[in-house]
Number of protein chains: 2
Amino acid sequence: MPKTVDHDERRSMILGAFVTLAVRDGLHAVSMRSVAAEAGISLRLVQYYFKTKAGLMQSGLAMLENVSNERWEKRVLSLPEASTAKETLRALFAEALPTDRQRREFHLLWTAYAVLGQTDPEIPNHMVVAGPSRLLQRVVSLFRQGKALGEFDIELDADSEAAVLLGLIHGLSTAVMIGLQSGDAAMELLTCHLDRLDVGKK
Amino acid sequence: MPKTVDHDERRSMILGAFVTLAVRDGLHAVSMRSVAAEAGISLRLVQYYFKTKAGLMQSGLAMLENVSNERWEKRVLSLPEASTAKETLRALFAEALPTDRQRREFHLLWTAYAVLGQTDPEIPNHMVVAGPSRLLQRVVSLFRQGKALGEFDIELDADSEAAVLLGLIHGLSTAVMIGLQSGDAAMELLTCHLDRLDVGKK
DNA sequence: GTTTTTATGATACGACTGTATCACAAAAAT
DNA sequence: ATTTTTGTGATACAGTCGTATCATAAAAAC
């Protein structure tokens, strides 16, 4: 084997250029050539590492999910060790709402992929649903845990509350994205929503 | 003046072809030529009636908002005359959730425009926010009305509740769109959410 | 040292894009 | 009847796209 170049490192460098362009010009406007130029390499190399454009797009989505999962993981682990379910959920709000550049980029790209997945056979729907589906299960178990520990009303349905909360997060994120709501207002609304689920509030 | 052709009718016929293609192939994949072919006319005519592609895209968004407003208007007017605010809001759920082809198409296209508005200077953000902004005000006044008539708890903040409800509608719609939730489940969740705002539930 | 495998560059092909131009038909205005 | 305005077709231009091909450098394997 030749030149001994770190394949994975190269791939993620190219994906970095891909994300930069997708955020700046829109996911649909990314081309093999523009990625090559942004990464400072030749078109041939982008082809070499990702074969086709569909491969590049799919890898982009996969990386997006990975990065987001890692960020959320990290944030949860950096919480005080015996945190309540409510505090963990508030950390989720902070991670999900597009209140700074990184998070705006994620929400923008994920939504673009979700739209693309509806019409483009190259982005199969299961790749789009996989992330939210895992997250939903996680939130469900957080609600179960919160109920068991007496944080939340024992009557409430964990599946329903998780679905509502995730929907609310995404919807408010979009509202923030288009400038209908401020990031602070959205955070406040989510907090209030969660507070309504407290024990004894019925 | 010649041939006396109905300009507006022609424009909306072309926009019909535009929507058909945008839903089938994705908003980004629509081209002047494909619209011409779909409408059964020549490329020149699409140019003639919409001048540039940006003009076509902007008109598409404007038509989308108009059609949606008309449908919502019609649905509210067809309600029994002295309907409660809650019932009017439930009509909004039914209109907004992507439970059939028409409503799926609207949600898909609107989201595509919202994404496009983040990166494409040809789709200024204010065109995207205008619709949701009007809708928000409307929902706010429905909450005020509901409070005044004793449907809702007098303590709740109309602005906050409206923002939450709209966010929830959009978020659940996206969940339905990607297949994370069923349309029926989303409708049920929205109904339950509204029921929690009833008087005496605190 | 030759062979084989990995990595990279240059370039070409056909298809498609938005826009512009030239020509012309047909109806209204004069 | 001529002129002017409105509507329509055909076509050309320059650019970009994804993909494929040919050549080759360089390192490892033998």
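Every chain is numbered from 1 and lettered A, B, ... according to where its sequence line falls, protein lines coming before strand lines. This one's a predicted model, so the numbers in the text were calculated from it and none came from an experiment. Quick note: numbers below take in every heavy atom, side chains included, and nothing from hydrogens, waters or symmetry partners.
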Can you check whether B:H7 has a side-chain N or O nearer than 4.0 Å to OP1 or OP2 of D:dG7?
-> yes
With sequence neighbours left out, which residue pairs that include part of residues 158-180 of chain A fulfil the salt bridge (charged side-chain N to carboxylate O under 4.0 Å, His left out) condition?
-> A:R144-A:D159, A:E161-B:R196
Reckon A:Y48 has a side-chain N or O less than 4.0 Å from the OP1 or OP2 of C:dT8?
-> no
Throw together a table of side-chain donor-acceptor distances under 3.5 angstrom for residues 55-65 of chain B, partners on residues two or more places apart or in other chains.
residue	atom	partner	partner atom	Å
B:Q58	NE2	B:E122	O	2.7
B:S59	OG	B:G55	O	2.8

Name all pairs fulfilling the salt bridge (charged side-chain N to carboxylate O under 4.0 Å, His left out) condition that reach into residues 31-51 of chain A, sequence neighbours left out, sorted by first residue then second.
-> none
In whole angstroms, the gap separating C1' of D:dG9 from CD1 of B:I41 amounts to 12 Å
Who pairs with A:S160 by side-chain contact (heavy atoms from CB on, under 4.5 Å), at least two apart in sequence or on another chain?
-> A:D157, B:L189
Residues within residues 11-24 of chain B bordering DNA chain D, heavy-atom distance below 4.0 Å | none
SB check B:R75 B:E70 (cutoff 4.0 Å) | no
Among all residues two or more places apart in sequence or in another chain, which pass the salt bridge (Lys or Arg N to Asp or Glu O under 4.0 Å) test with A:K86?
-> A:D195, A:D198
Quickly work out the B:D8 CG to D:dG7 P distance and round it to whole Å.
-> 11 Å
Below 4.0 Å: OP1/OP2 of C:dA7 and any side-chain N or O of A:Y49 = no
Go along nucleotides 11-18 of chain D 5' to 3' and tag each nucleotide: B for a protein heavy atom under 4.0 Å from its base, S when only backbone or sugar atoms are that close, - otherwise.
-> -B----BB
Exercise: do B:R24 and A:T119 side chains pair donor with acceptor under 3.5 Å = no
Can you give each donor-acceptor pair under 3.5 Å made by side-chain atoms of residues 168-181 of chain B, sequence neighbours left out, with the distance rounded to 0.1 Å?
residue	atom	partner	partner atom	Å
B:H170	NE2	A:T174	OG1	3.4
B:S173	OG	B:I169	O	2.7
B:T174	OG1	A:H170	NE2	3.4
B:T174	OG1	B:H170	O	3.2

Atom CD of B:E9 and atom C1' of D:dG7 are separated, to the nearest Å, by 15 Å
What's the CZ-C1' distance between B:F50 and D:dG7, to the nearest Å?
-> 15 Å
Take atom NE2 of B:H28 and atom C1' of C:dG18, then tell me their distance rounded to the nearest Å.
-> 17 Å
Residue list, side-chain contact (heavy atoms from CB on, under 4.5 Å) with A:Q137, at least two apart or on another chain | none
